[in-house]
Amino acid sequence: MIFLIAPSNRKYAPYIEYYYNYFKDQKIEFKLVIWNREGISEECDYAFNYSCNKNILSTFIGYYKYSRFIKKKIKGYNNYKLVFFTTALAFFIRNILLKGENRKRYIIDIRDESIFEKKFPKLISKICYNSYLVVSSSRSYEKWIKRKVVLCHNIDEKTVNNYKAPVLNNFNYPITIVCAGLFIEKNANIKLTNIYQNDNDINFIYLGKENKNIVSFQKKIRASNINNVIFEGEYDKKDIIDIYRNKADFVNIIRQNTQVNERAIPNKMYDAILAGKPIIVFDHNIETAKIVGEYSLGCVIKESELPLLKETIKKYINYEYSNDIYNVNRSKFLNDIKEDIRIFKNSLEDFSNL
């Protein structure tokens with residue numbers, strides 16, 4: 001029996017579906033365990049119903065109780081295997097993982113950093129070493145895991161296989177730069193729009209559900225009488241590729257300089273590439289910048305060189321971009337993802353046959 005153990009509700013952990021769909025399609029017996037933090041109804045075999053306050057102690061208690069719930073559910077099975085997510089969950093079920101009989105009988109999937117690999121690096125490293133497989137969306141985690149990871153991108157196979165040929169990008173001024181999402185990167189975007197306020201060559205469009213960051217940003221824009229920044233409000237995530245296709249010349253995925261952003265690859269990078277739109281990214285977002293640079297899918301800039309962005313875009317359009325070249329590079333990237341998906345599925349098959 002395979003236990004697929006989610007760290008949250010399914011809707012907040014879409015990467016679970018890659019495993020869920022594979023096991024279901026291959027008719028492999030498994031149990032889905034979720035932590036129902038939101039108190040909502042979701043399809044699963046076992047739901048741990050417990051809500052946490054947004055503080056460390058409450059979260060810590062939640063993880064501890066969830067780990068006890070997991071132990072009870074697997075107790076009746078002598079020959080079980082585990083697939084679970086996050087180093088936080090690894091820490092709390094460490095007694096299960098480090099049992100001798102469970103060595104090489106679990107997969108750990110790591111997509112974000114947590115405090116646990118910083119506070120307990122030897123323990124997390126040992127858990128990864130004893131696993132059958134470490135899966136991640138980025139190879140950057142290999143640096144501290146000290147072993148090769150199998151890539152599982154934040155994009156499903158059906159979407160990759162069904163991608164459309166990109167629209168023909170005929171750049172006309174003003175260039176439209178679109179940013180969509182929760183707008184966590186407020187400070188960088190304030191700096192960006194301050195530099196290019198009322199610039200006739202650039203328009204900015206921001207989309208996302210209203211929150212304190214967007215409200216604060218809107219106030220600054222209005223107070224400064226900036227007329228080349230447009231807020232279009234909430235959007236349906238399933239429409240984002242078409243939104244980029246229809247509204248964007250470039251997609252803005254600039255992010256803060258943090259260790260998390262250095263390693264993590266945002267979903268909006270995949271969305272932009274599927275839409276056939278060049279990306280703007282900071283060089284300190286190392287893994288994303290590496291992909292954009294390696295496949296020539298947009299502009300990589302230093303944050304300190306934001307005042308040169310307009311010239312960088314002009315240079316990219318005039319000397320580096322052509323629809324033919326972009327299409328070749330885009331196809332190569334998506335074909336490489338297909339190969340990573342093949343390797344991932346083969347690894348799951350081998351794991352299932354243990």
Side-chain angles (χ1 to χ4, degrees), residues 1-10 12-13 15-20 22-24 28-37 42 44-52 56-136 141 144-150 152 344 347-354:
M1 176 64 68
I2 297 174
F3 284 85
L4 179 59
I5 305 171
S8 63
N9 289 91
R10 283 180 75 168
Y12 295 120
Y15 39 80
I16 289 166
E17 306 307 321
Y18 309 142
Y19 297 87
Y20 182 90
Y22 177 80
F23 293 146
K24 198 167 183 180
I28 295 167
E29 192 176 9
F30 73 101
K31 300 289 186 185
L32 174 62
V33 186
I34 68 166
W35 181 351
N36 185 15
R37 302 181 188 221
E42 291 182 310
C44 66
D45 295 288
Y46 305 116
F48 173 62
N49 300 301
Y50 186 85
S51 297
C52 296
I56 293 174
L57 179 60
S58 178
T59 302
F60 192 93
I61 293 170
Y63 268 108
Y64 173 72
K65 290 185 174 184
Y66 188 34
S67 69
R68 290 178 62 84
F69 178 84
I70 292 166
K71 289 172 188 175
K72 286 179 183 177
K73 295 305 175 187
I74 67 176
K75 194 174 182 180
Y77 296 87
N78 293 322
N79 190 27
Y80 61 82
K81 291 173 280 191
L82 306 177
V83 178
F84 65 95
F85 305 81
T86 77
T87 54
L89 191 51
F91 175 82
F92 282 94
I93 62 171
R94 63 191 181 279
N95 292 335
I96 301 173
L97 303 177
L98 295 178
K99 281 183 179 179
E101 62 266 29
N102 287 334
R103 190 172 183 273
K104 304 299 181 186
R105 292 186 63 80
Y106 60 86
I107 292 173
I108 178 171
D109 188 308
I110 303 170
R111 289 171 191 266
D112 291 300
E113 285 193 29
S114 76
I115 194 172
F116 291 93
E117 60 260 30
K118 296 175 184 175
K119 295 291 186 182
F120 309 100
K122 289 184 179 179
L123 173 64
I124 299 301
S125 182
K126 184 177 181 181
I127 289 171
C128 290
Y129 179 79
N130 284 340
S131 69
Y132 177 80
L133 196 69
V134 179
V135 175
S136 179
Y141 292 97
W144 65 267
I145 292 171
K146 306 256 185 321
R147 64 174 285 183
K148 196 172 182 64
V149 305
V150 169
C152 178
F344 170 71
S347 299
L348 288 187
E349 180 182 8
D350 293 342
F351 177 72
S352 302
N353 291 331
L354 285 177

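Keep in mind the model is a prediction, meaning the values are calculated, not measured. One is the number of the first residue; the rest follow in order along the sequence.
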Compute whether any side-chain donor of one residue and acceptor of the other, for R103 and N130, lie under 3.5 angstrom apart.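 Indeed, the side chains of R103 and N130 share at least one donor-acceptor pair under 3.5 Å.
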
From CA spacing to verdict: side chain to side chain contact (heavy atoms under 4.5 Å, CB included), C152, R111: CA-CA 9 Å; C152 178; R111 289 171 191 266; 3.2 Å; yes

Any side-chain heavy-atom pair of [X] and [Y] under 4.5 Å:
X	Y	value
R147	S125	no
R68	Y64	yes
K31	Y77	yes
N36	N9	yes
T87	Y141	no
F23	S352	yes
I124	C128	yes
D109	V83	no

If you compare all heavy atoms of [X] against all heavy atoms of [Y], which two are closest, and at what distance to 0.1 Å?
X	Y	answer
I5	F85	O-CD1, 3.1 Å
C52	G62	SG-CA, 4.0 Å
W35	P7	CE3-O, 3.6 Å
Y106	F84	CD1-CE2, 3.7 Å
I108	T86	CD1-O, 4.3 Å
A90	L97	O-CD1, 3.8 Å

As a quick check of understanding, evaluate side chain to side chain contact (heavy atoms under 4.5 Å, CB included) for Y18 and V135, giving each step before the final call. CA-CA 12 Å; Y18 309 142; V135 175; over 6 Å; no

Against the six-membered ring of Y12, is R37 placed for a cation-pi contact (under 6.0 Å from the centre, within 45° of the normal)?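 Judged by the rule (NZ or CZ under 6.0 Å from the ring centre, within 45° of its axis), R37 is not positioned above Y12.
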
Cation-pi, Y66 ring and K71 (6.0 angstrom, 45 degrees):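 Cation-pi check for K71 and Y66: fails.
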
Would you indicate whether [X], at its atom [atom1], is surrounded by more than 12 heavy atoms from other residues, nucleotides or ligands within a distance under 6.0 Å?
X	atom1	answer
L354	CG	yes
L98	CG	yes
E29	CD	no
N95	CG	yes
K24	NZ	no

Nearest-0.5 Å distance, [atom1] of residue [X] to [atom2] of residue [Y]:
X	Y	atom1	atom2	value
E17	L4	CD	CG	8.5 Å
R105	N79	CZ	CG	4.5 Å
K104	Y129	NZ	OH	6.0 Å
Y50	S58	OH	OG	5.0 Å
Y46	K73	OH	NZ	6.0 Å
I74	M1	CD1	CE	12.0 Å

Determine the sole option in Y19, F351, Y22 for which the ring-ring contact (aromatic ring centres under 6.0 Å, His included) test with F344 is passed.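 Only one option passes, and that is Y19.
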
Can you say whether the rings of F91 and F60 are parallel (under 30°), tilted (30 to 60°) or perpendicular (over 60°)?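 Rings of F91 and F60: tilted, as their planes differ by 30° to 60°.
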
Evaluation steps, side chain to side chain contact (heavy atoms under 4.5 Å, CB included), between L82 and I70: CA-CA 10 Å; L82 306 177; I70 292 166; 5.6 Å; no

Step-by-step side chain to side chain contact (heavy atoms under 4.5 Å, CB included) determination, Y20 to R10: CA-CA 11 Å; Y20 182 90; R10 283 180 75 168; 3.7 Å; yes

Quick one: do F48 and Y63 satisfy ring-ring contact (aromatic ring centres under 6.0 Å, His included)? Show the steps, please. CA-CA 11 Å; F48 173 62; Y63 268 108; 9.9 Å; no

Answer yes or no: is there a donor N or O on one side and an acceptor on the other, between the side chain of D45 and the main chain of L32, under 3.5 Å?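 Flag set: sc D45 to bb L32 pair under 3.5 Å.
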
Applying side chain to side chain contact (heavy atoms under 4.5 Å, CB included), name anything that partners D350, two or more places apart in sequence or on another chain.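 Partners of D350 under the side chain to side chain contact (heavy atoms under 4.5 Å, CB included) test: Y132.
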
